[in-house]
Amino acid sequence: MRQWFFLFLIIVLLPGCGAFNTYRVTIGTNIPEILAYSETFNASNEKYRIEMLYHPDPQMMLGEKETPPDLVIGENLWAPSNIHKFKSLDGLFKEKQLDEGAFYPNILEPGKDMNQQRLLPLCFNLPVVLYKKTSALEDNTDMYMNLETLKTQSLQFIQSKGDRLLKMGFSPFWNIDFLYHTAVLYHTGFRTEDGETLLWNADALTRAVAFLKNWMDEIPGGYTAERSYSRKYLNAPPYQLVNDKNIQYFLLDSKEMFRIPREKLQAIDFKWLSYENGIPVYDNIIFLGIPLRAENPEGAQAFIRWIFNRENQGKLMEINHFKRLDNVFGIAGGFSSLMEVSNTLLPKHYPLFIGHIPPPDSLIFPGPLPDHWDYIKRETIIPWISEAIVTENFNKKLEDQLKYFAE
């Protein structure tokens, strides 16, 4: 349904694009918000006209046999097998068309290849911990939800009868991203240096697993009781469970929070999941780049200069509110990669974030990661962490589980 709606909008809103072939700029993406942005760009200049090309997986538009779009926007572009297919964008910085210092520290690193900036980050998301405003945290103006605080208060919230749980505050298993975020917050540092081999801090991962295992051990009835409670009670939307006090906390990403109807959030507040004032960034950062074989790289650069302009991003957030993207958060569904936009403009357009904008140095951005990272994380790393925290005398090595991907 989302794909057909996107294609319908392209047909209706961008008629006659073929009349501008000389100055046509094609953008390949699966992000519907980019369509509305392209309309605004088209109205702001007479030289270039954007033509949108939908693909459910934009990285697949980089094949050798097809003519690629002039600009590709999406996730997974920074994988080692993709990043070398893009032109260097260093000239935009050297010619002062973009300010490298305007971006969040370290967010540019995954978009670099052979010391060249081939991709630019557009937006990112952070993990949110929802809780009812009547919670004990209401008097605490700190924007961070520390792992230790979350664990302590969640365990205190528990009501049980023997090994049967009657109420739970929060479980690490309610959102599998939580297991991975915990590893990141303990500075496990999953990364690759050669584009293939996955590296990490084994001691940090051991500490993260020990923290999670201790948490589960302190739940009356342990993992078995937790699973029974979850199957029985976690069948309603998270905001409803929190509002009804069936649970105390729930984790989701900042983009998902803005899909919740506004009236449902009136009694709910949130904090950023953290540890030692560090906040993990989801690694599905949206990047954009110009393919090596793009037919109109100049037009693509014009759009890049336009979309990374502070004032233009403010206009785009206004579009989110007043045009047809009212449930879209920020820039293309996330925090802008430009610090000033996220720090000053985002709270203006999204009052929920007043007093909740994290300092730039608190964000833990991912480094370069190997191909098929999302699959490796979902099918191997998170299941390994899960098994490690619920299995007595666990002795499986993560290295052994990852051998399949090294072959």
Side-chain angles (χ1 to χ4, degrees), residues 123-159 165-179 181-182 185 215 226 229-230 232-275 277 279-282 317 320-321 325-331 333-335 342-343 345-359 362-363:
C123 64
F124 62 91
N125 275 283
L126 303 174
V128 170
V129 179
L130 296 183
Y131 63 93
K132 196 172 181 64
K133 286 182 178 178
T134 54
S135 161
L137 286 173
E138 188 175 8
D139 295 331
N140 182 358
T141 58
D142 191 344
M143 70 179 70
Y144 302 104
M145 171 58 80
N146 188 278
L147 282 175
E148 293 286 355
T149 302
L150 182 60
K151 172 188 171 185
T152 299
Q153 296 204 358
S154 296
L155 291 172
Q156 291 174 350
F157 189 82
I158 287 176
Q159 295 179 19
L165 297 172
L166 305 177
K167 277 196 173 183
M168 287 193 69
F170 179 80
S171 167
F173 284 94
W174 287 351
N175 186 322
I176 60 172
D177 288 330
F178 181 80
L179 303 178
H181 289 324
T182 300
L185 287 169
W215 187 336
E226 183 276 338
Y229 181 89
S230 299
K232 185 174 182 179
Y233 293 104
L234 267 64
N235 298 311
Y239 63 82
Q240 182 177 327
L241 293 169
V242 172
N243 265 326
D244 294 344
K245 294 186 177 181
N246 289 324
I247 62 175
Q248 191 177 22
Y249 303 111
F250 197 84
L251 181 85
L252 70 170
D253 72 38
S254 44
K255 177 171 62 176
E256 291 174 328
M257 184 169 65
F258 274 88
R259 293 174 180 162
I260 299 174
R262 292 182 182 179
E263 64 273 14
K264 304 297 184 182
L265 289 173
Q266 291 180 357
I268 289 179
D269 206 343
F270 71 94
K271 293 181 183 291
W272 305 114
L273 181 67
S274 69
Y275 182 63
N277 291 340
I279 302 172
V281 176
Y282 279 88
M317 283 190 274
N320 291 349
H321 287 305
L325 305 172
D326 205 35
N327 65 338
V328 172
F329 158 53
I331 298 297
F335 282 89
S342 288
N343 289 339
L345 297 185
L346 192 140
K348 174 183 175 182
H349 293 281
Y350 300 89
L352 194 64
F353 283 100
I354 295 175
H356 283 82
I357 301 298
S362 69
L363 304 184

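Panel note: side chain Asp253, backbone Leu126; no donor-acceptor pair is recorded below 3.5 Å. With Gln240 contributing its side chain and Pro237 its backbone, the two residues share no donor-acceptor pair below 3.5 Å. Using a distance-only test at 3.5 Å, with no hydrogens or angles considered, no donor-acceptor pair links the side chain of Trp215 to the main chain of Glu148. Using modelled atom types, no side-chain atom of Lys255 and backbone atom of Gly330 make a donor-acceptor pair closer than 3.5 Å.
When all heavy atoms are compared, the tightest approach of Leu251 to Pro127 is CD1-CB, 3.8 Å. A pairwise comparison of heavy atoms in Lys264 and Ile268 identifies O-CD1, 3.8 Å as the closest pair. Taking both residues in full, the closest heavy atoms of Leu185 and Pro280 are given as CD2-CD, 3.4 Å, listed atom of the first, atom of the second, then distance. Residue Ile357 comes nearest to Ser342 through the heavy atom pair CD1-O, 3.5 Å, listed as atom of the first residue, atom of the second, then distance. In plain terms, the two heavy atoms of Tyr229 and Leu166 that are nearest each other are CE1-O, 3.4 Å. When every heavy atom of Val242 is checked against every heavy atom of Gln248, the shortest pair comes out as CG1-O, 4.2 Å.
Inter-residue side-chain proximity for Ile260 and Leu130 is flagged as met; some heavy-atom pair is nearer than 4.5 Å. Looking only at side-chain heavy atoms (C-beta outward), Met143 and Pro359 come within less than 4.5 Å of each other. Residues Phe170 and Leu150 are in side-chain contact: their nearest non-hydrogen atoms beyond the backbone lie under 4.5 Å apart. Counting heavy atoms from C-beta on, the side chains of Leu363 and Phe124 come closer than 4.5 Å. Met168 has its side chain out of reach of Ser154: every pair of non-hydrogen atoms, C-beta onward, lies at least 4.5 Å apart.
Using a 30° and 60° split on the angle between ring planes, Phe250 and Trp174 fall in the parallel class, below 30°. The aromatic rings of Phe270 and Phe353 lie perpendicular to each other, with more than 60° between the two planes, well past the 30° mark.
The OH atom of Tyr144 lies 4.0 Å from the OG atom of Ser362; values are rounded to the nearest 0.5 Å. In this structure, CG on Asp177 lies 10.5 Å from CG on Leu273, to the nearest 0.5 angstrom. Distance CG/Leu147 to NE2/His181: 10.5 Å, rounded to 0.5 Å. Here CG of Asn146 is found 8.0 Å from CG of Asn277. Values are rounded to the nearest 0.5 Å. Annotation: the span from Ile279 atom CD1 to Ser274 atom OG amounts to 6.0 Å, rounded to 0.5 Å.
The 12-atom threshold is exceeded at NZ of Lys167, counting heavy atoms of other residues, nucleotides or ligands nearer than 6.0 Å.
Using modelled atom types, one finds a donor on one side chain and an acceptor on the other under 3.5 Å when comparing Asn243 with Lys132. Defined by atom type and a distance below 3.5 Å, a donor-acceptor pair is missing between the side-chain atoms of Gln156 and Thr152. Side-chain contact annotation: Tyr249 with Gln153, donor-acceptor N/O pair under 3.5 Å present. For Asn125 and Ser254, the side-chain atoms include at least one donor-acceptor pair closer than 3.5 Å.
Here Phe173 and Phe178 keep their ring centres 6.0 angstrom or further from each other.
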Step-by-step side-chain contact (heavy atoms from CB on, under 4.5 Å) determination, Gln159 to Leu165: CA-CA 6 Å; Gln159 295 179 19; Leu165 297 172; over 6 Å; no

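When Phe258, Tyr350, Phe329 are each tested for a ring pair (Phe, Tyr, Trp, His ring centres under 6.0 Å) with Phe335, only one passes: Phe329.
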